[in-house]
Each structure stands twice: as structure tokens, then as C-alpha cells.
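Note that the structure is a prediction, hence the values are computed from the model and not measured. First the proteins, then the strands, lettered A, B, ... as listed; each starts at 1.
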Amino acid sequence: MSQKIAGVKGMNDLLPGELGGEMAPVETWQHVERTARELFARFGYGEIRTPMVEDTALFVRSVGEETDIVGKEMYTFEDKAGRSLSLRPEGTAPAVRAYIEHSVANQEPLTRWYYIGPMFRYERMKTGRYRQFFQIGAEAIGSREAAQDVELMDMVVQLLEALGLKEVSLNLNSLGDDACRPVFQQKLVEHLTAHRAELCEDCQRRLESNPMRVLDCKNAKCQAVVQAAPDILQFLCEPCKAHFGDVRRKLDVLGVRYVINPRIVRGLDYYTRTTFEFIAAHPALGTASTVGGGGRYDKLLKSLGGPDLPAVGFGLGLDRLTLLLKEGGQKYAPPPDVFIAVADEGSADEAFKLASRLRREGLRVEFDTRGGSLKSQMKRADKTRARFALVLGQTERESGKGQLKPMAGGEPIPVALNEVAQTVRAAH
RNA sequence: GCGGCCAUAGCUCAACUGGUUAGAGCGCUGGACUGUGACUCCAGAGGUUACCGGUUCGAUCCCGGUUGGCCGCCCCA
């Protein structure tokens, strides 16, 4: 016996049907992905697939050196040539890198992409948070208009709707821009410093490192201080205020419901103006209640050496979405139309051939390649939830006729062996 | 990165204060029913009690470490 090798901590296997354990079955994942692809195509978004590994500098410069993501959660390693590479911790930076690298700006004025794939962060795991997790996201590059922010939020809302997720609320905020955010931050630091003693230990530290984060603290005493703190929305400069107002108005035009939440700060440095999160109230997620989030990043392209173009995007956590949909997961796996059972050894080839032909004709056909007793094959037919069973033996071969037995009960349907597909379809 | 809880069959769980062959239900396989699934009945397979070490005459149980999982903090998807 050789030693068992286990999967890497925090990286999950997705199995079909009911084999999976804690994770939602792979059919649930396929359903979410299929739904998203179809919906995003309706919005005119094309798919982009970038490598899972990038130059480490890309994330340091975009996400921000001082963020937790880059500071302590990145899978960074050297390749054989000594280059520092990192497994991507998020999807926006690679998409923007590709956009710049392929000079897309010179080829079209407005670019809208979506991506689906694994991201990696070295973190302590818990429900809904893994070291390899999957995100589905979209980026719109080239429009500074509020309509673009709202189109993306509408796209998420429609996706959640299509998936049947109701208890998700859109939380909206604006972080201002280079003109107004520094003014606000200064006022905020003044206020927090004045109440320093009332803040929790963590927030006293945050006061130095990232004062905006205090807004997000769940500690009751800190919240009391935050209640009285200056409100970023009061400090927005005129252009930012106008933009935020436009976003709200256009959300209203589309009938998209939202709440203003000045605590939506986000963990990446590149955000400007609009930020938003989709928060689910669902016991399956525990405290991992944010299923998605995003915002505008008008300065990122230029800072990465690209054209000075505005952009906005979002990312959704597929792991969390599928967790919410796990209960009904089974229904996404279509059962076989017919199970072909072999009654005697001499009919094995003929049955095998029939199964093959029906599959070519478009039917979902189960056939037990191990053979075995008719009884065991019928049990298998039951287990696979096949709609019909068709037994093929000497009698059927000689007469060219058989019977489609409805596994759910009812009278068998006589059928000519060369008309099985038509008959099964007609029985729908 | 910090704090707490946990680990027995594929799954959900038992096993009297440490006591000898670690059990049950579900699931799986076969049979009763030799060309027809489910229900019922019978039988079978499946465990180094996560791993390593310690205490003990004796450890699933007590202790330490490791690994993995869960909860909270942090942060996020």
C-alpha cells in the first residue's frame, strides 16, 4: 500500500451528484455558470480568459502593497528563471493587463468583458472562504458614465434573479476621488483621533494604517464613534456628487433596489467613486455574507501604464452562490431518457449497438458496460432515475420489437427497435 | 495572523467512570424472485477509531505534537 495523498488544504474537489460532501454538486456550478454566460451575452459582454499566474508586480501595483491581499494572502513563488510570479488573487488586474497589452483601446472605445475562473488567496479557511475559490466577474472599460456602473449592477441583479436568490441586498457607496477623498480622510482621522480611547485595539491600529477600515468595524463601541464620524458622502466634490446622484437616479429608473451604506469601503486600493456589495442574509453563509462586490477604478489603467481610461467592474463568489443554491442542486442533473438492459449474453452486442445509435440520435442513454444479471441492471436503471427501461434479449432481436417500461410506473409502451428515439420523444 | 471547538465505516452517529472480537441506520454488493427496478426479508463487503508519540497490565476514551475540518476575530468572494 502506497501512502495516501490528500488534496491541498483549502482547495476543494467538486463532484457530480450526491458524492460531493460540503461543496455543492458540480451540476449546481454548471447551472450558475451557464446562467451567467447566457445572461452576460445578452448584455453584450464577451468572455476573457487570462492565465492564472501573473507577474507579482501586477498585483502589488494594482491591488495595493498595503492591502491584506497582497501583504499576506498571495501565493507567490519564483519560477526556474528567478521571476517572481503569483497565483491571481482577483480577476480585475489580469483583465486590465490584457486590455493594455493588446492595445484594445485603439481598437474599440468601450470594452465589456466577463470572466469565470479560480482565484487564490492564502487565508485561514471557513465556510464560504477557500484558498482556491471561484469568481465570476465583469469589467467595463471606457465609460465614465453612471449608466455603466448601473448596467453592471443591473446585470448582477438579473443574475441573482435568474438563479432564484431573493434575500440579497445591494449596498451602495461612493469613495470619492483624488480631489475629495483626502479631505474626507483628514476629517475622519481628526474625529477618530479625538475618540481614540473609545476605539478597539484593532481600530487604534487601523487609525494609522487604513483609517477607512474603522468605518467597517463591527465592534459596538467603534460603531458608536463611527456614528458621529463625518460622512464621506457629505464630502464628495461636485463631480463625484453628481456622478453618485446619477447612479442612484438610474438605479431608480431601472427599478433596482439598494441601500446607501457608507461602510462599503472594499479591500482593494484601486477603487474610486462608486463601490458596492451584494450581501446575502442566509444561514448557510454564516459571516461570509458578501456574495459579490465591485466598483469603479478610474485611475487603475493609467497607473498600470495603460491609457487614461475610466472603468468599473464587479466580482461574484461562485463558491458562496452555489452554497446558497446547494439544496436544490440535484435538479440540475438531467436523468437518462432510457436504460438499455441486456437479457442474455447473446444479445450484448445488439444492445450495445442500440444504445450507441440512440445516443447518436440525441437521447440520454444509460447502458451498464459491466453486464450482469437483468435484475442488477434494472436496479441500476432505477438508481439512475431513467425514464424508461428497455430490455433487449433474444425475443426482441427476433421480433424487432420491444417494450419501453416507464420506471415511474404505468403500462409499458410497445415499440419497434428502430423507432425507439421517436417513441421516447413522443412520450414526453 | 489571533482565540475557541472538533476528528469512530462512503454518510449520520453509538460504544457504561480506560477493559478484551468497535456497533446501528442509511448507502453499496449479492440472494429470496433462473426475462424486469422500487416494498419486504436474508446475507455480505466495508475501520491501522485522522496521523505520530507518551502515560498504563490494557487507550476510540487520558496527555503532547502534527494534519485536517468547524466557529468567532481580522479580512474578503
Here's a test of your reading of the structure: between A:Arg320 and A:Thr127, which maps to the more 5' nucleotide of RNA chain B?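 This one resolves to A:Thr127.
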Quote, to the nearest angstrom, the [atom1] distance that separates [N] from [M].
N     : M     : atom1 : value
B:C62 : B:U17 : P     : 11 Å
B:C63 : B:G4  : P     : 15 Å
B:C5  : B:A43 : P     : 44 Å
B:U56 : B:A14 : C1'   : 26 Å
B:G18 : B:U60 : C1'   : 10 Å
B:A59 : B:C52 : P     : 14 Å

So what does A:Ser376 touch, heavy atoms closer than 4.0 Å: a base, only the sugar-phosphate, or nothing?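 Touches sugar-phosphate only.
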Is A:Gly128 touching bases, backbone alone, or none of the nucleic acid, heavy atoms closer than 4.0 Å?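 The residue A:Gly128 makes base contact.
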Please tell me whether A:Thr322 and A:Thr28 have a donor and an acceptor in their side chains that are separated by less than 3.5 angstrom. no
Starting at [atom1] of [X] and ending at [atom2] of [N], how long is that distance when rounded to a whole Å?
X        : N     : atom1 : atom2 : result
A:Gln377 : B:A38 : CD    : P     : 14 Å
A:Met378 : B:G30 : CE    : C1'   : 18 Å
A:Arg380 : B:C28 : CZ    : C1'   : 11 Å

May I ask you to check whether A:Tyr114 and A:Tyr45 place their ring centers less than 6.0 Å from one another? no
Taking the six-membered ring for Trp and the full ring for Phe, Tyr or His, determine whether the centres of A:Phe367 and A:Phe352 are under 6.0 Å apart. yes
